[in-house]
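Along the sequence shown, the residues carry numbers beginning at 1. Order of appearance sets the numbers: ligands from 1, and atoms from 1 within every ligand.
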Amino acid sequence: AVDLNPAVLPLDWLLGTWESDEPGQGSFPTITPFHYNETLYFTHVGQPVINFMFNSFHAESKKPLHRESGFIRIQPGTNNVAFIIAQNSGLVEIEEGELNGQKLALQSRALARTSFAKKPYVQQISRVFQLRSDGRLEQTVFMALENQPLTQHLHITYRRTSC
Ligand code: HEM
């Protein structure tokens, strides 16, 4: 396997495959709460970039739901991390934020969507990834819609299933 590019070494704790250890919780003021499972893949090919793919499934029906994939970059010489993301819903986004140890807090800086995307439109996304001391990875996602302030949509923890 090719060596990890030193530019993304501060994010080496993300690498590998992660599976939800118990169903994640989805909620929002406008929807019925739900449970989901999700598998995350963080890989690299030696570029100063981490590649990722997140696939989620309904916890009971196992039906594929939300999917997103993209690239992670670090601004050289800083703790600034950028996620470049495409979502199956037709949304694309740039999120940026600071890496502090093994905690990454990101805010959307740019959002765009297909001309025929469903309403209500997302106005803002914010998320936190954290590697916990018990070795689990945690992701919390907040979003703001037209007429809905920034509110939690997702919370889930994962266990690493391969490196
Ligand atoms: C609903 C956005 C990730 C499952 C929604 C809605 C939006 C949205 C805008 C509609 C809310 C409304 O109608 O008022 C997003 C964004 C995500 C994301 C921006 C990522 C950043 C996920 C993930 C799952 C998920 C990972 C996992 C299963 C759902 C479900 C609904 C929903 C089940 C309710 C659908 C319905 O009742 O019609 N999401 N979502 N979402 N989302 Fe997400």
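- Using modelled atom types, one side-chain atom of E146 and one backbone atom of Y121 make a donor-acceptor pair closer than 3.5 Å.
- In this structure, R159 does not pair ionically with E138, as no charged nitrogen and carboxylate oxygen lie closer than 4.0 Å.
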*After noting the C-alpha distance and the side-chain angles of E96 and Q107, does the key distance pass the side chain to side chain donor-acceptor pair (under 3.5 Å) rule?*
CA-CA 5 Å; E96 290 186 20; Q107 318 279 343; over 6 Å; no

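- For atom 27 (C) of ligand 1, the closest heavy atom belonging to the protein is S56 OG, 3.3 Å.
- Taking distance alone, with nitrogen or oxygen atoms compared against 3.5 Å, T30 approaches ligand 1 more closely than that limit.
- Among residues two or more places apart in sequence or in another chain, the side-chain contact (heavy atoms from CB on, under 4.5 Å) test is passed with N79 by E98.
- With ligand atoms numbered from 1 in the order given, ligand 1 contributes 9 (C), 11 (C), 14 (O) to contacts under 4.0 Å with heavy atoms of L145.
- With waters neither drawn nor counted, the protein N/O/S atoms under 2.8 Å from atom 43 (Fe) of ligand 1 amount to 1.
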Name the atoms and distances for all side-chain donor-acceptor pairs under 3.5 Å in residues 31-46, with sequence neighbours left out.
from	atom 1	to	atom 2	distance (Å)
N37	OD1	S20	OG	3.3
E38	OE1	Y158	OH	2.6
H44	ND1	G46	N	3.2

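- With hydrogens and angles disregarded, no donor-acceptor distance shorter than 3.5 Å links the side chain of R109 to the backbone of A82.
- Atom 15 (C) of ligand 1 lies below 4.0 Å from at least one non-hydrogen atom of the protein.
- Aromatic ring centroids of F52 and F83 lie under 6.0 Å apart.
- The shortest heavy-atom distance from Q87 to ligand 1 is under 4.0 Å.
- At least one donor-acceptor pair closer than 3.5 Å links the side chain of T78 to the backbone N or O of N80.
- Of all protein heavy atoms, the one closest to atom 13 (O) of ligand 1 is P120 CD, 3.7 Å.
- Residues K62 and F57 approach most closely at O-CD2, 3.6 Å, considering heavy atoms.
- Protein heavy atoms are found inside the 4.0 Å sphere centred on atom 20 (C) of ligand 1.
- Set against the non-hydrogen atoms of R127, the atoms of ligand 1 under 4.0 Å away are 21 (C).
- Neither side chain, R67 nor Q87, offers a donor N or O lying under 3.5 Å from an acceptor on the other.
- Here S27 pairs with nothing under the side-chain contact (heavy atoms from CB on, under 4.5 Å) rule; sequence neighbours left out.
- Listed by number with element, the atoms of ligand 1 under 4.0 Å from a non-hydrogen atom of I125 are 19 (C).
- Note that atom 24 (C) of ligand 1 has protein non-hydrogen atoms nearby, at separations under 4.0 angstrom.
- By the 4.5 Å heavy-atom criterion applied to side chains, V128 and L106 are not counted as neighbours.
- Checking atom 42 (N) of ligand 1 against the protein gives a heavy-atom contact under 4.0 Å.
- With hydrogens left out, the protein atom closest to atom 4 (C) of ligand 1 is F34 CZ, 3.1 Å, a heavy atom.
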